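Worksheet: the structure to be examined is printed underneath.
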Amino acid sequence: YGDDYDDGGFDADLNATITLTSTLVLTDSSQELKSNDGTGKLIGDGTFRLIDITGTPPSSRRRLGLDEATVSSEVRLKHLELILGYADDGPAGGAIRVGWPASLYAHDVTFTANSATRGGAVYVHATFARLDHCLFRRNNASEVGGVAYVNGTRGPRPHDHIVNETTLYH
C-alpha cells in the first residue's frame, strides 16, 4: 500500500483474495481500499464483522481541532467483494459497521453471504453513507435490514443515505 496523505491515510490496491482473521478497524484518516482489476476479495469465516469504521473519539477531537459536525474519517471501497461477515453484537452490520464521526463511500462492491442481527451487509449509525452500483447476494438479518440498516442521522446531509442511487430514509 502507499501512504499518500500526511494525515495517516492510505490507499491500498487489493488485487487478490485476502482471508481476514479478525475485524479490520479503520479510524482517524481517509482510506481507500480498491481492486483495480476487480478481483479483490476480503473473506471472513462467518464469526466476525469484516470492517468497522469509526472516527476520532470525542476526547481526541478537541486536541485535533475538530468540531462536533466534522467527519474525521472517510473510507472509500471500490471494486471489491466482501464475503462471510457476521455480527450479533448490539449495533450490527455483518460486512461493515460505520458510525459517526466517520463516513463510507462504496462503489461497485459486492456483499456476499453476510449476516447480522441488524443490517446483514451494512449498518450505518448517525452518519453519511453512499453505496453506488453495489450488488447484494445472500445477506440476511435476524431482526431487520437484510441488506442495510440505518440508525439515526448526523453530519452534512442528514436523512440522506444512498444505496444504488436510491435515497433511504430511516
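None of these values were measured; they are calculated from a predicted model. We use all heavy atoms of the structure for the numbers below, so side chains are in, but hydrogens, waters and symmetry mates are not. Residues take their numbers from the sequence shown, with the count starting at 1.
- Residues meeting the side chain to side chain donor-acceptor pair (under 3.5 Å) test with Asn15, sequence neighbours left out: Ser35.
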Practice problem: With side-chain contact (heavy atoms from CB on, under 4.5 Å) as the test, would you mind laying out the steps for Thr54 and Leu26 before giving the verdict? | Solution: CA-CA 6 Å; Thr54 62; Leu26 304 173; over 6 Å; no

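- The line from CG of Leu84 to CG of Leu20 is 11.0 Å long, rounded to the nearest 0.5 Å.
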Self-check item: Derivation and outcome, side-chain contact (heavy atoms from CB on, under 4.5 Å), residues Asn151 and Tyr123
Solution: CA-CA 8 Å; Asn151 183 16; Tyr123 180 89; 3.0 Å; yes

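- Note that Arg118 lies in the cation-pi zone of Tyr149, set by a 6.0 Å cut-off to the ring centre and a 45° limit from the axis.
- Considering only heavy atoms from C-beta on, His107 comes within 4.5 Å of His133 through its side chain.
- Contact annotation: the side chain of Val147 never approaches that of Val122 to less than 4.5 Å [non-hydrogen atoms, C-beta and beyond].
- Remark: side-chain polar atoms of Thr19 are not paired, donor with acceptor, to backbone N or O of Ile43 under 3.5 angstrom.
- The aromatic rings of Phe111 and Phe136 sit parallel, their planes meeting at an angle under 30°, below the 60° perpendicular limit.
- Taking each heavy atom of Ala129 and Val124 in turn, the nearest pair found is CB-CG2, 3.7 Å.
- Residues Leu50 and Tyr86 are not in side-chain contact: their nearest non-hydrogen atoms beyond the backbone lie 4.5 Å or more apart.
- Side chains of His79 and Asp108: a donor-acceptor N/O pair is present below 3.5 angstrom, by distance only.
- One distance of note links CG of Leu82 with CD1 of Ile51; it measures 5.0 Å at 0.5 Å rounding.
- Between Ala92 and Ala116, the shortest heavy-atom distance links the atoms CB-CB, 3.6 Å.
- By the 4.5 Å heavy-atom criterion applied to side chains, Ile83 and Leu42 are not counted as neighbours.
- Here the side chain of Asn139 pairs a donor or acceptor atom with the backbone of Asn114 at under 3.5 angstrom.
- Residues Gly40 and Asp37 share a closest heavy-atom pair of N-OD1, 4.5 Å.
- One distance of note links NZ of Lys41 with CG of Leu80; it measures 11.0 Å at 0.5 Å rounding.
- Looking at Arg137 and Thr112, their side chains do bring a donor and an acceptor atom within 3.5 Å of each other.
- Not counting sequence neighbours, the partners of Lys78 by the side chain to side chain donor-acceptor pair (under 3.5 Å) test are Glu32.
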Quiz item: Where do Gln31 and Arg76 land on the side-chain contact (heavy atoms from CB on, under 4.5 Å) test, with the steps shown first?
Solution: CA-CA 6 Å; Gln31 292 119 11; Arg76 295 172 310 282; over 6 Å; no

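- Minimum heavy-atom separation, Gly93 to Ala87: O-CB, 3.6 Å.
- Smallest separation of non-hydrogen atoms from Ala141 and Gly145: CB-O, 3.6 Å.
- Residues Leu77 and Lys34 form no side-chain contact, since every pair of their non-hydrogen atoms from C-beta on lies 4.5 Å or further apart.
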Exercise. Determine, stepwise, if the pair Asp52 / Leu24 fulfils side-chain contact (heavy atoms from CB on, under 4.5 Å).
Key: CA-CA 6 Å; Asp52 201 354; Leu24 179 61; over 6 Å; no

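- A 4.5 Å side-chain heavy-atom check between Val98 and Phe128 finds every atom pair outside the cut-off.
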